[in-house]
Amino acid sequence: MIDLKLLQKDFDGMSAKLSRKKVDISLIADLKNKNDALKIAKTEFETLQALQNTMSKEFGIYKKEGKDVSELKAKVDANKINIATALEKQREAQEELEALVMAVPNIPDDNVPDGTDENDNVEIKKVLTPKEFSFTPKEHWELAEQNGWIDFERGVKLATSRFSVSFGMGAKLERALINFMLNFNSKRGFAEVSVPAIVNRNALKGTGQLPKFEDDLYKIDGQELFLIPTAEVPVTNLFADEILEESQLPIKMTAYTPCFRKEAGAAGRDTRGMIRQHQFHKVELVALSKPETSDEVFDEMVACASDILTALELPHRLVILCTGDLGFSAARTVDIEVWLPGQNTYREISSISNTRDFQARRAKIRFKDGKQNTMVHTLNGSALAVGRTLVAIMENCQNEDGSITIPKVLEPYLN
RNA sequence: GGACAGUUGGGAGAGCGGUUGAAUCUACUACCUUGGAAAGGUAGCGUAGGGUAACCUACCGGGGGUUCGAAUCCCCCACUGUCCA
């Protein structure tokens with residue numbers, strides 16, 4: 001959630017920044033008007049309420065002293081009607097404002113490049129050089145089937161399209177990768193947590209998936225519960241509604257969870273293979289930090305994810321997302337794209353975001369900043385998407401006969 | 001699935017329908033005391049919004065109701081605990 005106080009103070013500055021993210025100026029103006037309207041409605045209600053409170057107290061005193069209350073009661077009854085209308089007005093204003101503000105995305109950092117889509121993202125650096133193949137490298141689905149690692153048809157049989165089943169070394173590698181990544185992240189100071197894969201509406205509001213993106217989520221029928229699209233949701237919300245001690249920060253966590261996405265709007269994209277599945281494994285990094293150190297923590301997270309790929313000997317590049325490609329909650333995002341020789345392109349394998357205080361304000365995660373309470377900064381990033389890592393290993397480590405040479409760092413995890 | 005009990009401030013734990021945002025204990029912070037500490041004393045100590053300020057408003061699991069007035073009474077829901085099937 002954006003800071004409404006700041007909007008009031010610096011409307012022009014804020015709307016200029018938000019318009020970089022394609023937010024309609026008229027919507028921001030509307031937001032400010034609604035906020036002002038709410039303030040007026042609130043003041044009106046509170047004045048009436050204060051009067052009512054005073055009279056009610058008098059009423060009690062009158063009764064005690066045995067005085068006649070009929071005149072006072074008439075006044076109080078009359079005021080009661082006014083209060084009811086004022087309250088109703090305030091409630092309406094509140095609801096209108098909330099509906100609007102919950103749908104406004106985060107403000108991009110000043111140094112995020114302008115752009116309309118992923119083509120305007122800016123490469124920061126490349127790590128490791130893709131190796132030359134003396135043959136035409138195959139795509140991962142071909143390798144996966146040839147090695148008997150992944151069965152796409154049986155996934156469809158059990159569920160529906162975009163589900164798959166891993167067998168043998170494919171299944172083992174998934175497990176190995178999860179363990180390897182969790183250990184790697186732990187060594188970098190991210191404490192391991194294990195969280196529910198089902199969360200309530202409130203948690204999803206806290207991190208920004210709701211109310212705007214309900215169509216992307218799997219909802220449990222008849223219950224206000226959803227399958228998580230990412231561990232970011234439960235892990236970030238661990239500290240919702242809490243006021244942390246300054247000494248606790250930064251809190252750095254890592255968690256493995258399955259992730260579930262409807263992939264609404266992705267029809268026809270990546271239908272083949274396991275790039276885009278409805279259910280996938282992911283190891284996530286989440287951090288809460290003081291505002292002044294969140295950039296530092298962000299860099300640590302990017303380095304952590306990138307170093308995992310380096311350890312796996314997978315060539316990749318870092319890309320900073322432009323304003324048009326930035327997610328709803330993010331102020332700044334760096335994507336890590338891994339090289340896929342079969343597809344002859346770099347594909348996203350990790351996305352690391354600093355949401356500043358956007359999620360913290362929604363989820364009410366604060367810390368004691370001297371005498372006052374201040375919103376923390378929340379950060380999240382994949383380290384890494386497991387299925388896509390497996391894809392990258394298959395394509396990068398393939399031999400001419402279709403066999404795959406497993407990266408050395410994984411050996412301890414496969415015995 | 002059924003019955004009963006509970007949900008109050010960081011923790012523990014009071015609270016008759018009226019001046020209670022809430023006793024008390026504890027924790028915490030500052031100061032006094034001390035050579036230093038302990039003990040003791042004094043003061044402060046929930047969150048959010050509004051106001052230059054005095055101060056005002058809201059919040060006692062969530063939602064609704066009764067009442068001039070609700071932490072307190074009624075209804076619904078959620079959660080926790082105990083017992084039963």
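First the proteins, then the strands, lettered A, B, ... as listed; each starts at 1.
When the side-chain nitrogen and oxygen atoms of A:Asn53 are compared with OP1 and OP2 of B:A58, one or more of them lie within a distance under 4.0 Å. Between B:A58 and A:Gln49, a contact under 4.0 Å exists linking OP1 or OP2 to a side-chain N or O. Contact annotation: A:Asn373 side-chain N/O to B:A48 OP1/OP2 distance is under 4.0 Å. OP1 and OP2 of B:G69 both lie 4.0 Å or more from every side-chain N or O belonging to A:Lys75. OP1 or OP2 of B:A48 lies within a sub-4.0 Å distance of a side-chain N or O belonging to A:Arg366. Close to B:G69, at under 4.0 Å from its OP1 or OP2, lies no side-chain N or O of A:Lys73.
Using the six-membered ring where Trp is involved, A:Tyr256 and A:His281 have ring planes that are tilted, between 30° and 60° apart.
B:C28 is paired with B:G44 under the criterion used here, namely a Watson-Crick or G-U wobble arrangement in which both key atom distances are under 3.5 Å.
Partner A:Ile352 forms a side-chain contact (heavy atoms from CB on, under 4.5 Å) with one of A:Asn380, A:Leu285, A:Val302, A:Asp299 and no other, that one being A:Val302.
Nucleotides B:A12 and B:A70 place their P atoms 28 Å apart, quoted to the nearest Å. Nucleotides B:A23 and B:A3 place their P atoms 37 Å apart, quoted to the nearest Å. Annotation: B:U20 and B:C60 have their C1' atoms spaced 11 Å apart (nearest Å). B:C16 and B:A71: their P atoms are spaced 13 Å apart (whole Å). Nucleotides B:G61 and B:G15, compared at atom P, are 15 Å apart to the nearest Å. For the P atoms, the distance linking B:A58 with B:G21 amounts to 9 Å, nearest Å. The gap from the P atom of B:A43 to that of B:G50 amounts to 32 Å, rounded to the nearest Å. The P atoms of B:U67 and B:U80 are separated by 35 Å, rounded to the nearest whole Å.
A:Gln52 comes within contact range of the sugar-phosphate backbone alone, with a heavy-atom separation under 4.0 Å but no base atom that close. Using a 4.0 Å heavy-atom criterion, one finds that A:Lys42 contacts the sugar-phosphate atoms exclusively.
Listed candidates were B:U57, B:G49, B:U19. Nearest to the side chain of A:Phe45 is B:U57. When distances are taken from the side chain of A:Lys368 to each of B:U57, B:U47, B:C68, the shortest belongs to B:U47.
For the residue pair A:Asn202 / A:Asn200, no side-chain donor-acceptor distance below 3.5 Å is found, with atom types taken as modelled.
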>> Under the criterion salt bridge (Lys or Arg N to Asp or Glu O under 4.0 Å), I'd like the reasoning laid out for A:Arg356 against A:Asp109: C-alpha separation, chi angles, the key distance, then a yes or no.
In response: CA-CA 9 Å; A:Arg356 305 286 169 193; A:Asp109 282 357; 2.5 Å; yes
>> Could you walk me through whether A:Glu263 and A:Arg276 satisfy the salt bridge (Lys or Arg N to Asp or Glu O under 4.0 Å) test, starting with their C-alpha distance in whole Å, then the side-chain angles of each, then the deciding distance to 0.1 Å, before giving a yes or no?
In response: CA-CA 8 Å; A:Glu263 294 297 346; A:Arg276 198 173 297 277; 3.5 Å; yes
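Ring pair A:Phe328/A:Phe358: centre-to-centre distance below 6.0 Å.
With the nearest nucleotide of RNA chain B identified for both A:Ser56 and A:Ala50, A:Ser56 has the one nearer the 5' end. Each of A:Gln8 and A:Met55 was assigned the nucleotide of RNA chain B with the nearest heavy atom; the assignment lying further toward the 5' end belongs to A:Gln8.
Rounded to an integer number of Å, the gap from CD of A:Glu242 to C1' of B:G9 is 15 Å.
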